[in-house]
Amino acid sequence: MNIYLVRHGITDWNKEYRWQGEEDEELNAEGINQAETVQKRFAGDNIKSIYSSTLKRAIKTAEIINRNHNLEINKLSNLDECKVGPFSGLHIDEVKNKYKKEFKEWSGDPWSNIEGMESLGDVQSRSVKAVKKIISEHEKDDKIIVVAHGLVIRTIISWVLKLPITSNSNFRIDNCSVSEVLYENNKFRLKSLNETWHLIHFNMAIYETAEERDLQ
């Protein structure tokens with residue numbers, strides 16, 4: 001089974017280095033163009049199913065990718081981005097200045113208990129639950145696209161690689177990147193990480209967003 005983890009296209013808040021979390025921001029025009037490059041990348045593939053988080057930026061990305069496949073988009077709340085509470089909407093410099101202690105605790109302790117924030121452990125638990133649900137609904141040779149969010153995808157990949165969740169910031173997941181996970185013989189393997197060649201091929205810019213910056 002081939003599972004393609006796709007991060008949603010870029011939003012205005014992404015470009016402004018603002019933390020989005022569960023805020024329901026729309027794709028901007030550039031994000032739509034990015035999603036169209038993913039659509040072209042998968043146009044000739046026999047995609048069995050497309051899944052998305054319930055947030056608008058992921059749903060719109062999935063809808064664009066789906067233009068060539070005409071599938072029902074399965075929306076799973078367990079694929080939604082992490083609830084970041086007090087960080088939401090803030091520029092990364094504001095997080096550094098106002099919530100340095102809280103960020104250090106949240107990013108360093110998988111089961112941190114900060115009011116209004118979801119722990120990394122909780123994000124990974126529900127994200128992996130979503131992946132297992134998807135696996136249970138498909139055959140071994142199916143190709144599946146999952147459109148989600150930066151932190152959600154990083155925690156899934158950390159689980160696949162058996163890395164500590166707190167190591168998730170050691171790799172990037174760019175907007176509209178594709179990371180491929182294989183599921184064979186009851187085992188998960190990472191085949192590719194953060195592929196962006198389709199963006200480069202169509203002369204799209206690649207940005208480092210707030211969620212991809214190391215704030216420690």
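Residue indices begin at 1 and follow the sequence shown. The figures that follow rest on heavy atoms only: side chains count, while hydrogens, waters and symmetry mates do not.
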Without hydrogens or angle criteria, can the side chains of H201 and T37 be said to hold a donor-acceptor pair below 3.5 Å? no
Do T11 and Q20 pair up side chain to side chain, a donor and an acceptor below 3.5 Å, judged on atom types alone? yes
Using modelled atom types and a 3.5 Å cut-off, is there a donor and acceptor pairing between side-chain atoms of S158 and backbone atoms of I165? no
Side chain to side chain contact (heavy atoms under 4.5 Å, CB included) partner of V131, the single match among N78, I156, V160: I156
Between S77 and D80, is the side chain to side chain donor-acceptor pair (under 3.5 Å) condition met? List the steps. CA-CA 5 Å; S77 60; D80 288 356; 5.3 Å; no
Donor-acceptor contact below 3.5 Å, side chain H69 vs main chain F42: yes
Any side-chain donor paired with an acceptor under 3.5 Å for N186 and Y183? yes
Minimum side-chain heavy-atom gap L120-Q124 below 4.5 Å: no
Report, as yes or no, whether the 6.0 Å neighbourhood of atom NE2 on H91 holds more than 12 heavy atoms from other residues, nucleotides or ligands. yes
How long is the gap from NZ on K60 to CD1 on I73, to the nearest 0.5 Å? 10.0 Å
Atom pair CG (L79) and CG (L76), whose distance is rounded to the nearest 0.5 Å: 5.0 Å
Do T196 and D174 get their side chains close enough for a donor-acceptor pair, meaning under 3.5 Å? no
Can you check whether G121's main-chain N or O pairs, donor with acceptor, with S125's side chain at less than 3.5 Å? yes
Should we say atom CG of N97 is surrounded by more than 12 heavy atoms from elsewhere, each under 6.0 Å from it? yes
Do I144 and I153 belong to the same hydrophobic cluster, where Ile, Leu, Val, Met, Phe, Trp and Tyr are linked whenever their side-chain heavy atoms lie under 4.5 Å apart, directly or via other members? yes
Side chains of M1 and I135: does their closest heavy-atom pair fall under 4.5 Å? yes
So, E118 and R126, do they make that salt bridge, N to O below 4.0 Å? yes
Please check this pair: side chain of N28 against backbone of E30, looking for a donor-acceptor N/O pair closer than 3.5 Å. yes
What I want to find out is whether K101 reaches E105 closely enough, with some N-O distance under 4.0 Å, to be called a salt bridge. no
Below 4.0 angstrom, N of the basic side chain to O of the carboxylate: do R57 and E81 qualify? no
Any salt bridge between E25 and R18, counting N to O under 4.0 Å? no
What one should report as the nearest heavy-atom pair of T166 and G108 is CG2-O, 3.5 Å
Cluster companions of L55 among Ile, Leu, Val, Met, Phe, Trp, Tyr (side-chain spacing under 4.5 Å): none
Assigning hydrophobic clusters by single linkage (Ile, Leu, Val, Met, Phe, Trp, Tyr; side-chain heavy-atom cutoff under 4.5 Å), is M204 placed with I200? yes
Could you grab the distance from atom CD1 of I64 to atom NZ of K40, nearest 0.5 Å is fine? 11.0 Å
Crowding at CZ, R189 (>12 non-hydrogen neighbours, <6.0 Å): no
Measure the spacing between CG of N74 and OG of S52 and express it to the nearest 0.5 Å. 9.5 Å
Parallel, tilted or perpendicular: rings of W19 and F103 (30°, 60°): perpendicular
Heavy-atom donor-acceptor pair, S88 side chain to G85 backbone, under 3.5 Å: no
Given 3.5 Å as the limit, does a donor-acceptor pair link the side chain of H198 with the main chain of C176, or not? yes
Side-chain ion pair, E139 and K48, N-O less than 4.0 Å: no
Would you please say whether a donor-acceptor pair under 3.5 Å links the side chains of S192 and E195? yes
If I take atom CD1 from residue I157 and atom CZ from residue F171, how far apart are they, to the nearest 0.5 angstrom? 5.0 Å
Could you check if a side-chain atom of E180 sits within less than 4.5 angstrom of a side-chain atom of L5, using non-hydrogen atoms only? no
